[in-house]
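Single-structure report; data block below.
Just so it is clear, the model here is predicted, and its values are computed rather than measured. Throughout, a chain's letter reflects where its sequence line sits, starting with A, and its residues are numbered from 1.
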Amino acid sequence: MFTDRYHASEAERHWQAVWDEAGTFEASNDDPRRKYYVLEMFPYPSGRIHMGHVRNYAMGDVVARYRRARGFNVIHPMGWDAFGMPAENAAMQNKTHPAAWTYANIANMRAQLKRMGLSLDWRREVATCDPDYYRHQQRMFLDFLDAGLVTRKKSKVNWDPADHTVLANEQVIDVRGWRSGALVEQRELVQWFFKITDFAEELLTALDGLDEWPEKVRLMQRNWIGRSEGLTIRWALDPATTPAGETELRAYTTRPDTLFGASFLAVAPDHPLASSAAANRPALQAFIEECRRMGTSVAALETAEKKGVDTGIRARHPLDPSWELPVFVANFILMDYGTGAIFGCPAHDQRDLDFARLKGLPVVPVVCPPGADPESFTIGAEAFVEDGRLINSRFLDGMTVPEAKEAVAARLEAADLAGAPQAERQVNYKLRDWGISRQRYWGCPIPVIHCAACGTVQVPRADLPVTLPEDVSFEEPGNPLDRHPTWTHVACPQCGAEARRETDTMDTFVDSSWYFARFTDPWIAEAPTDPKIANRFLPVDQYIGGIEHAILHLLYSRFFTRAMKKTGWLDIDEPFAGLFTQGMVVHETYRSPDGAWLSPEEIRIEGAGAERHAVLASSGQRVEIGAIEKMSKSKRNTVDPDDIIETYGADTARWFMLSDSPPERDVIWTEEGVQAAGKFVQRLWRLVGELATIAAGGDNGGPRDETGDPSVETLAARSVRKAAHRALIAVEEDVERLRFNRCVAHVHELANALSAALGGVEAPVPAASPLARAFHEAAAILVQIFAPFMPHLAESCWSTLGHAGIVSAAPWPTADRALVVEDTITLPVQINGRRRAEITVARDATVHDIEKIVLQNDSVLKVLEARPVRKVIVVPSRIVNVVV
RNA sequence: GCGGGCGUGGCGGAAUUGGUAGACGCGCCGGAUUUAGGUUCCGGUGACUCUAAGUUGUGGGGGUUCGAGUCCCUCCGCCCGCACCA
């Protein structure tokens, strides 16, 4: 009996050193084999890895190790998303420099990741806060500027009062800053923008080609880009009612079919027409100011009550100049979508209806629902927004909605009242340009200089990088760069006069928008990429990370890839061919009677099943087991990966992370679960030990009964090999589809089968006998199929089995598909859809043969009770159904 | 409000995509080993009737089909995303 315990920490240290020395996981840029790029979203160096990282990187590592074994040149790099606010917060609190804090965290986390035994090519490591990284980002910023992909404009921005910085629209969540959680304010600032909207259409249509992305993410991006097709209509204004200088109002609509149902027009409070109309109308002026103040207050956003004030202006209906409509300023019109003006059709838009009821405006239905009587159809509290036939609409009457849309568009496009068409078709997007200016220190400096004479001047490419000054203080809020005594002062590169450096730094999402490209050749000093190499390695074949990046990071990276293509740094459109979004790691929460959160270390679980409860470890006092939630510091339900690795080993942690729950769903971390994984590690170690002994013809204490003739394959040997190859085929299929929980089940199944086979051996097996060889082969397959999951254990087992070299560098075994095909198959037999019997037939039995066998089967005849058979349905190698 | 997803034993979850529901694991029950606990090994484990053989069973109800966890309709419950986008 093989009883040695597997000592994880010792073995793991050993094999990590072996891999390191051999450079096992280094990918060569000259390797002629087919490439495979596995990437997990790189971490922010917060200081310590958490269980979410463990899960994310365990998944990526399985894919990387599997593909490597399958003969791909696998590139699997790791780096650090190292700029950002927390470093500045730490600097303020601890009086450390952000760089010192960041690099110390990186060192710590790198050591933690190494203890996980990940098959990473550490030579490719990059940190985005390294001037050798961000100098290239600055270079690309200038390239983008030259290519017209960057603009600088004054704009209303989202201002985070806690972080003292601007946020992009994507970074405002529920009116709060995505990081600080502070209520965002609107401010007008001059900002740098990446023109992501230039690619709106392409970013949208290319989503269709991303068929290895989750549908959910594609849908979220589609909605975010928010394409709509409509008509911008020019409404002539009645000069008698209109301030001097204004002649028309342009309003965007997606429902031109409802034009005859219009009863008012409305403009945004910050629309130019609103301000000119307000010049001699104090009430309107007051309303506009109220909107501006209320703009972002919680009250305004929560009540969202429709409000508006009449401008006194009257607009003429484009299809009937004698028909005049009032123009309002209304709080629910957004200046930055469409034209900032609408025509309201209350019958067919809920907002317009609410507003019309408030103001007592007409509500005329112009679309009649199918089956309703056009004469009596009226609108109550709810607008009718579905399809139907046009009514009360003159020449449109009787048309369907699409027909009417087209008819109105065609008419207004062609109409030529004042020498110009009255409307033009227009495509609108919700997507806004990406504001990248941040008023922070710890980010990539924007490489421009402001000169009084020359304006905004680029820093010459030869002068890059613009590095951050080190002598900064965080004593006061705001951007330390702004108040730096010397750094800001610089000579204008064009005229030499005194000038001022741009003190905004780039949004950290810029840093993470191209790191995957830098990994392909992180050594090249003179350029962001070597396009030849980058194009060979990209796109990333399998990208793995959290769903929280479904829009921000993934959309920015898709934009950046296109911008890099335009500037010659890449020649691909999409950075990530395959995307997988993994679930979170969640854990029970515990609360003491006084309501305080307790950490898992402070409590002890007693009992099981219905009796299961938690007590305080120190006193035995009963504590409440709360909801299962995402691991977080505030709920104190975190488990530290280092502790787990220390106690059980990295393999156990990795194995448990991939067991049970499907990878896209949340996994519940439990002490029982990790213990079970730990036991399975020991079980595999014992099992492989026994298999090694028996395969070597070692004495297992009984009489000999197995033939020593290697040319005769016995039944026992065949079934051992079958089990192994069946598991091998199943694992291949499930790793490729990232169904790691099923892979775990297949490894268990093979282990169970081999244990049973060993239990069935009552005699010592002669060395080189078919059974001994079958056990040897099966043991090797077992080790190889769990190697991507538990690589250290696999190495130890591999050498126990007497294999030369390391399993991490061994080619994947070739599955014998013919072997697993059974000669006979067992078919369930249903009678009227209920399972009544089972028959065993030859694999190649014909439908006719099977019918005959079924109808002679004793159990079948018994159930039939001589009733006549109406029909026999035979589904080959599946099932037989007899219908009576 | 709009959009999307999900609902299977005590628990996490399988189910070849319309073909034996509950793989695999956790937990539980029983047995063996052990001085004992733990470990390890073997067996059992949806529910109901239990000797047999059955009956029933995938949130509720209805439908299509020889056959439904899977498809359709409807209701209930939970989760996620977006949110005045004209």
Using a 4.0 Å heavy-atom cut-off across all strands, classify A:Ile873 as base, sugar-phosphate, or nothing.
base
Residue A:Leu219, side-chain atoms from C-beta onward, closest of B:G3, B:U40, B:A86:
B:G3
Name the nucleic acid region contacted by A:Asp349, choosing base, sugar-phosphate or nothing; use a 4.0 angstrom heavy-atom cut-off, strictly under.
nothing
Dump the intermediate steps for salt bridge (Lys or Arg N to Asp or Glu O under 4.0 Å) on A:Glu215 and A:Arg222, then the final yes or no.
CA-CA 10 Å; A:Glu215 187 49 45; A:Arg222 246 175 235 130; 3.3 Å; yes
CZ of A:Arg742 versus P of B:G13: gap in Å, rounded?
15 Å
With rounding to whole Å, what would you report as the distance between B:C6 and B:C72 at their P atoms?
11 Å
Sugar-phosphate, base or nothing in reach of A:Asp352, heavy atoms under 4.0 Å:
nothing
At 4.0 Å (heavy atoms only), tell me whether A:Arg739 reaches a base, stays on the sugar-phosphate, or touches nothing.
sugar-phosphate
Using side-chain hydrogen bond (donor to acceptor under 3.5 Å, both in side chains), reason through A:Tyr252 and A:Ser228 one step at a time and then give a plain yes or no.
CA-CA 11 Å; A:Tyr252 177 74; A:Ser228 76; 2.9 Å; yes
Is it true that A:Phe264 and A:Phe343 have ring centroids separated by less than 6.0 Å?
no
Taking atom types as modelled, is there a side-chain donor on A:Gln426 or A:Thr232 under 3.5 Å from an acceptor on the other?
yes
Under 4.0 Å, counting only non-hydrogen atoms across every strand here, what does A:Arg836 touch: a base, just sugar-phosphate, or nothing?
sugar-phosphate
Which way is the base of B:U17 turned, syn or anti, if we draw the line at 90° from 0?
syn
Ignoring hydrogens and angles, are the base of B:U20 and the side chain of A:Arg878 linked by a donor-acceptor pair under 3.5 Å?
no
Touch check for A:Asn741, heavy atoms < 4.0 angstrom, all strands: base, sugar-phosphate only, or nothing?
sugar-phosphate
Tell me what A:Gln830 touches on the nucleic acid: a base, only sugar-phosphate, or nothing, going by heavy atoms under 4.0 Å.
base
In whole angstroms, how far is the P atom of B:G81 from the CG atom of A:Asn223?
13 Å
Mind checking the P distance from B:C2 to B:G13? Whole angstroms is fine.
30 Å
Counting the atoms with a prime plus P, OP1 and OP2 as sugar-phosphate, which does A:Arg870 contact under 4.0 Å by heavy atoms, base, sugar-phosphate, or nothing?
nothing
How is A:Thr670 classified with respect to the nucleic acid when contacts are heavy atoms under 4.0 Å: base, sugar-phosphate, or nothing?
nothing
Provide the distance between the two C1' atoms, one in B:A83 and one in B:U17, to the nearest whole Å.
35 Å
Need one value for A:Thr254: base, sugar-phosphate or nothing, where a base atom within 4.0 Å counts as base even if backbone is also close, heavy atoms only.
sugar-phosphate
Any donor-acceptor N or O pair under 3.5 Å, side chains A:Gln221, A:Arg558:
yes
Looking only at atom P, what distance separates B:A68 and B:U55, rounded to whole Å?
15 Å
Across the strands shown, which category fits A:Ile333 at heavy-atom distances under 4.0 angstrom: base, sugar-phosphate, nothing?
base
